[in-house]
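Okay, so here's the structure we're looking at.
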Amino acid sequence: MERFEGKVAVVTGAGAGIGKACALAIAREGGRVVVADIDGSAAIACTAQIAAEAGHALALALAMDIADAQAVAALFDTAERHFGGVDLLVNNASAMHLTPRDGAILDLDLAVWDETMATNLRGTLLCCRQAIPRMIARGGGAIVNMSSCQGLSGDTALTSYAASKAAMNMLSASLATQYGHAQIRCNAVAPGLIMTERLLAKLDECMQRHLRRHQLLPRVGRPEDVAALVAFLLSDDAAFITGQVVCIDGGMLTHVPTYADGGNSRAARPAGDTAEAAAAPGR
């Protein structure tokens, strides 16, 4: 199946993790992909993998910072010059390096807030503003903004990150509303626990157990799970879907808050699933 034959995609933050999986998924189905990442060597490695796995597809690596308006303009000018235009956009780049310093409101360094918003929200807006005219010129297009379950529920930390993702959800709805008449669709995807290499390096085993207890499915998510959803939303298979925030979280946000401790019933949870078991010595 070649759902993206003849299509040109720009994927930001595509050097690793979810972004890389999205770039590969598009290329495997015939799309030409501009792989953008602040880490130029990672972007080049991604295009090399695309060439190895989907040799019929063309890919271009660019090192750039989406918080820089001039760099974003140059990214889309390059995409148009090399491939003739832009049909698809995946706004995946995010200031994940700031999350360890992203605390509760009274503890929050405002520089973290400002930089998070500059990348996660303003950077996404800048990419959309560059993509929309080019999509209109080609008769339409599709955009997927990478949100997060953090943008749909409160937490004890990650204040800046969560606020930026919540705002991204409304940005996606606004874009879908304003440009649907031009055949441009926009949706947001909200991943839960997706075990990328970078996240694995940040989460110790205790935190991983804590998060898994609140999922309905017995495994963590993979970047390829998210990429499959993104590819669907970009494709004509989702031609009548726009303005939506689609969770891909293993059911983490589906249940009552007390689910991991037995919910509201007396039925026993499987051994090792309760809060008492998680807190037991040696766990």
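In this chain, numbering begins with 1 at the start of the sequence shown. Any value given below was found using the heavy atoms of this structure, including those in side chains, with hydrogens, waters and symmetry copies removed.
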Any non-hydrogen side-chain atom of [X] less than 4.5 Å from a side-chain atom of [Y]?
X	Y	value
T78	V34	no
I38	M64	no
L89	V144	no
M168	V245	no
C127	T12	yes
C22	N92	no
L60	V33	no
Y161	V112	no

Modelled atom types, side-chain donor and acceptor of [X] and [Y], under 3.5 Å:
X	Y	result
E115	H97	yes
T124	N91	no
N145	S172	yes

Are [X] and [Y] connected in the hydrophobic side-chain network, where two residues link if heavy atoms are under 4.5 Å apart?
X	Y	value
Y179	V8	yes
L88	I143	no
M146	I248	yes
V189	F232	yes
V86	L75	yes

Which heavy atom of [X] sits nearest a heavy atom of [Y], and at what distance?
X	Y	result
C186	T242	N-OG1, 3.0 Å
D249	C149	CB-SG, 3.5 Å
D102	S160	OD1-N, 2.9 Å
R213	Y259	O-CE2, 3.4 Å
A190	L152	CB-CD1, 4.0 Å
D65	A71	O-CB, 3.8 Å

Pairwise distance [atom1]([X]) to [atom2]([Y]) - rounded to 0.5 angstrom:
X	Y	atom1	atom2	result
L58	H82	CG	NE2	11.0 Å
E29	L234	CD	CG	10.0 Å
K165	L171	NZ	CG	11.5 Å
H214	T258	NE2	OG1	10.0 Å
L110	L108	CG	CG	6.0 Å
T47	L62	OG1	CG	9.5 Å

Got a donor-acceptor contact below 3.5 angstrom from the [X] side chain to the [Y] backbone?
X	Y	answer
S153	Q150	no
E2	G30	yes
R185	L233	yes
Q70	A74	no
T159	G103	yes
D225	R222	yes
N187	Q244	yes

Report the C-alpha separation of R212 and R219 in whole Å, then their side-chain angles, then the decisive distance to 0.1 Å, and conclude whether the side chain to side chain contact (heavy atoms under 4.5 Å, CB included) test is met.
CA-CA 7 Å; R212 287 198 300 266; R219 69 168 175 87; over 6 Å; no
Please report the C-alpha distance between I66 and L126 in whole Å, then the side-chain angles of each, then the deciding distance to 0.1 Å, and finally whether the side chain to side chain contact (heavy atoms under 4.5 Å, CB included) criterion is met.
CA-CA 8 Å; I66 66 165; L126 290 173; over 6 Å; no
Verify side chain to side chain contact (heavy atoms under 4.5 Å, CB included) between I18 and T196, making sure each step is shown before the conclusion.
CA-CA 7 Å; I18 292 172; T196 64; 4.3 Å; yes
Is any NZ, NE, NH1 or NH2 atom of the basic residue among R3 and D236 found under 4.0 Å from an Asp or Glu carboxylate oxygen of the other?
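Answer for the salt bridge query: no.
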With a sphere of 6.0 Å drawn around [atom1] of [X], does it hold more than 12 non-hydrogen atoms of other residues, nucleotides or ligands?
X	atom1	result
R122	CZ	no
R198	CZ	no
E205	CD	yes

Determine, stepwise, if the pair V230 / I26 fulfils side chain to side chain contact (heavy atoms under 4.5 Å, CB included).
CA-CA 9 Å; V230 170; I26 294 166; 5.6 Å; no
Going by the side-chain hydrogen bond (donor to acceptor under 3.5 Å, both in side chains) test, name the single residue among R134, R32, K7, R138 that passes it with D87.
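Output: one option passes, namely R138.
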Set out, in order, the CA-CA distance, both residues' side-chain angles and the distance that settles salt bridge (Lys or Arg N to Asp or Glu O under 4.0 Å) for R209 and D204, then state yes or no.
CA-CA 9 Å; R209 285 198 306 270; D204 59 27; over 6 Å; no
